[in-house]
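A quick write-up on the structure given underneath.
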Amino acid sequence: MGDCTLVLVYERPGDCLNRLVAEGHPSQHAQAIASYLAQSIDMEPEFPALEQACAERNLRFEATTLDAFAANLSGYRPEQTLVWTLTDGISYFSGSVSPGLARLGMLRRVGCEDALFSLCQDKFRSGAVLHALGIATPPTALARNGTFISPRSAIEGATSWFVKPNRLGAKIGIFADSHCHSIKEALALSERIYAAYGDDAVLQSYVPGENLRASWLDVDGTGDLARLGTWLVKSGEDFQTMSDSLALYGDTGAQAKSAGFYREPTLVDLATNNPRAANAVAETAARLVNGLGLRDVFSLDFRLGPDGRLTLLEFEVCPGLPCFDFRAYVKATWRMTLPAAMAALAARKLAS
C-alpha cells in the first residue's frame, strides 16, 4: 500500500465567498454562508497529524482544494487513490460535486454514492424520500418568497411551525423567531430567507422535545451499528440560530474563542441516559443503511418528543468531522484521535 494515497478534498471558505459575490450575493450574507461550518479551516491544523497517521499505515496523504482536484483529476491513479470529501454543499458551497468528480475519474471514495451528497442537502426532497421509507419526519411544505409551492395542507392542523432554508446548512438563516405561531408569520420568514439567501424555505410542523445527534464512522468495516454514537445535545436553547453556529466554527468560531464567547453545547450519552431512545435511533440508522445506502461516515439529527417519539430532522453524509460532537464520538467509541481514525478507515478501504 506504499504507493496509495488518501486525498482529502475540501472547499475553502474564501473560494466559496468569491463565487457567491461573483454570483451577486450581498457581501454580508455571502460572508455568513462562507463562514458556516468552515471545516477546511477547522481541520487544517490537523493535516500534519493526519499525514503522520497515514504514514504509520504506509499511506501518503494529500489535502487538496476542490478547485485543484477538479483541475488535476486525470493525474490521480484509480487503483491507488482514495478520495474523502470534507466539505459539502450544492447551491452555495459546492463540495458535493467532489464524489461525482471522483466517480468520473474512477477513483475509490469514502462515503455514500454521490447522488446522496446532493439529496441530503435538499431538505424538502430528502424529507420526501425519508417519508417514503416510513421514517417519521416533520410534516413539511415548501415556500418561495412568501408563496407556497407545495400544498399547504401538509402543515395545516399544527399549532406552531418551524421555518428554515431548504438548501443551506441546518442553522444558516435560522432566525431567533424561526419557531412561529401562524402560517402568516411562517410565510414572512420565507420572504426573509429568500431576500437574504435566494433560497426556498421549508415550513415544518414544529416538533417539541430534545435535540439528538447520531454519528457514525465505520473504522473497522464491520458495519456494527452498536458502534453508533448517540447524544443528547444540550445548548440551553430550543434550537441554534445562525449566530450560535457561527460562534462555533471556522474563523468566526476562533474569534468567539478569543473574545471569550465560545460555548460548546453539552453532550449527554443517550445510551446511558435513555437506552430505549438510543435503540430507536440505531433502528432508524439501520433502515437508512439498508434503504438509502448510507455507509462509511454519516450523521443523523433527531428530535426526541416528551412522549418518547423520535422524529428525524435530517441526515448528513458529509458530517462535520472536526466539529466537537464528532470528535467526542470518535474518542468515546473508537478510543482514537480523529486523524488516527480517519487513517485507519482509509487504510482498510485501500486494502480491500
Side-chain angles (χ1 to χ4, degrees), residues 5-51 61-73 75-76 83-102 110-111 114 117-118 120-121 165 167-174 193 195-199 240-259 261-262 316-324 326-327 338-339 342:
T5 303
L6 169 63
V7 179
L8 194 68
V9 182
Y10 62 95
E11 184 175 10
R12 292 179 300 194
D15 295 335
C16 174
L17 176 62
N18 291 338
R19 277 189 272 270
L20 291 172
V21 172
E23 290 171 358
H25 288 269
S27 177
Q28 174 187 355
H29 299 310
Q31 288 175 1
I33 294 169
S35 295
Y36 176 68
L37 275 184
Q39 296 182 56
S40 58
I41 293 175
D42 293 335
M43 194 75 194
E44 279 178 347
E46 291 185 272
F47 286 170
L50 186 50
E51 182 175 20
F61 169 68
E62 176 186 330
T64 185
T65 66
L66 178 63
D67 304 71
F69 179 65
N72 301 322
L73 186 61
Y76 295 101
V83 175
W84 194 324
T85 299
L86 180 64
T87 45
D88 55 16
I90 57 172
S91 299
Y92 303 92
F93 270 81
S94 305
S96 289
V97 306
S98 172
L101 288 171
V110 171
D114 46 296
F117 280 78
S118 297
C120 72
Q121 292 288 303
R167 296 172 301 167
L168 285 169
K171 280 84 178 178
I172 273 287
I174 292 183
I193 288 170
Y197 306 113
D199 200 10
Q240 285 184 303
T241 64
M242 178 177 66
S243 59
D244 293 331
S245 296
L246 293 180
L248 287 172
Y249 311 114
D251 284 339
T252 50
Q255 292 166 8
K257 286 181 180 178
S258 64
F261 297 128
Y262 182 83
E316 298 173 357
V317 300
C318 186
L321 297 181
C323 297
F324 67 93
F326 204 90
R327 289 180 190 277
L338 178 61
M342 293 175 68

* CA sep, side-chain torsions, deciding dist, call: Ser91, Asp199, side chain to side chain contact (heavy atoms under 4.5 Å, CB included) -> CA-CA 9 Å; Ser91 299; Asp199 200 10; 5.9 Å; no

* To do: List for me each residue that meets ring pair (Phe, Tyr, Trp, His ring centres under 6.0 Å) alongside Phe69, sequence neighbours excluded, and say none if there are none.
  =>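 Once residues adjacent in sequence are excluded, the partners of Phe69 under the ring pair (Phe, Tyr, Trp, His ring centres under 6.0 Å) criterion are Tyr76.
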
* To do: Could you label the plane-to-plane angle of the Tyr10 and Phe47 rings as parallel, tilted or perpendicular, counting under 30° as parallel and over 60° as perpendicular?
  =>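 Rings of Tyr10 and Phe47: tilted, 30 to 60°.
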
Quick check for you: to the nearest 0.5 Å, what is the distance between [X] atom [atom1] and [Y] atom [atom2]?
X: Phe324; Y: Asp42; atom1: CZ; atom2: CG; value: 11.5 Å
X: Leu86; Y: Glu44; atom1: CG; atom2: CD; value: 9.5 Å
X: Phe326; Y: Glu316; atom1: CZ; atom2: CD; value: 10.5 Å
X: Ser96; Y: Gln121; atom1: OG; atom2: CD; value: 4.5 Å

* **Partners meeting side-chain hydrogen bond (donor to acceptor under 3.5 Å, both in side chains) with Ser118 (sequence neighbours left out)** =>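 Scan of Ser118 (side-chain hydrogen bond (donor to acceptor under 3.5 Å, both in side chains), adjacent residues dropped) gives none.
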
* Asked: In chain order, what residues pass the side-chain hydrogen bond (donor to acceptor under 3.5 Å, both in side chains) check against Thr85, with sequence neighbours excluded?
  ->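 By the side-chain hydrogen bond (donor to acceptor under 3.5 Å, both in side chains) rule, Thr85 matches Ser98.
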
* **Ile193 versus Pro165, closest heavy-atom pair with distance** =>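 Heavy-atom minimum between the residues: CD1-N, 3.7 Å.
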
* **Heavy-atom closest pair, residues Met43 and Pro322** =>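 Minimum heavy-atom contact is SD-CB, 4.0 Å.
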
If the condition is side chain to side chain contact (heavy atoms under 4.5 Å, CB included), which residues does [X] pass it with, not counting sequence neighbours?
X: Ala30; result: Leu17, Leu20, Val21, His25
X: Ala68; result: Thr64, Thr65, Asn72
X: Asp114; result: Pro99, Arg103
X: Gln28; result: none

* Go through the structure and list residues passing salt bridge (charged side-chain N to carboxylate O under 4.0 Å, His left out) with Arg19, not counting sequence neighbours. =>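 Partners of Arg19 under the salt bridge (charged side-chain N to carboxylate O under 4.0 Å, His left out) test: Glu11, Asp67.
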
* Are any side-chain N or O atoms of Thr5 and backbone N or O atoms of Phe61, one a donor and one an acceptor, separated by less than 3.5 Å? ->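 Checking the backbone N and O of Phe61 against the side chain of Thr5, no donor-acceptor pair under 3.5 Å is found.
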
* **Option passing side chain to side chain contact (heavy atoms under 4.5 Å, CB included) with Leu321 (candidates Glu46, Met342, Arg327)** =>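 Among Glu46, Met342, Arg327, the one that satisfies the side chain to side chain contact (heavy atoms under 4.5 Å, CB included) with Leu321 is Met342.
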
* Would you please test Leu168 and Ile33 for side chain to side chain contact (heavy atoms under 4.5 Å, CB included) and show each step? => CA-CA 8 Å; Leu168 285 169; Ile33 294 169; 4.2 Å; yes

* Asked: Side-chain contact, heavy-atom cut-off 4.5 Å: Leu6 with Glu62?
  ->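 They are not in contact (no side-chain heavy atoms under 4.5 Å apart), so the answer is no.
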
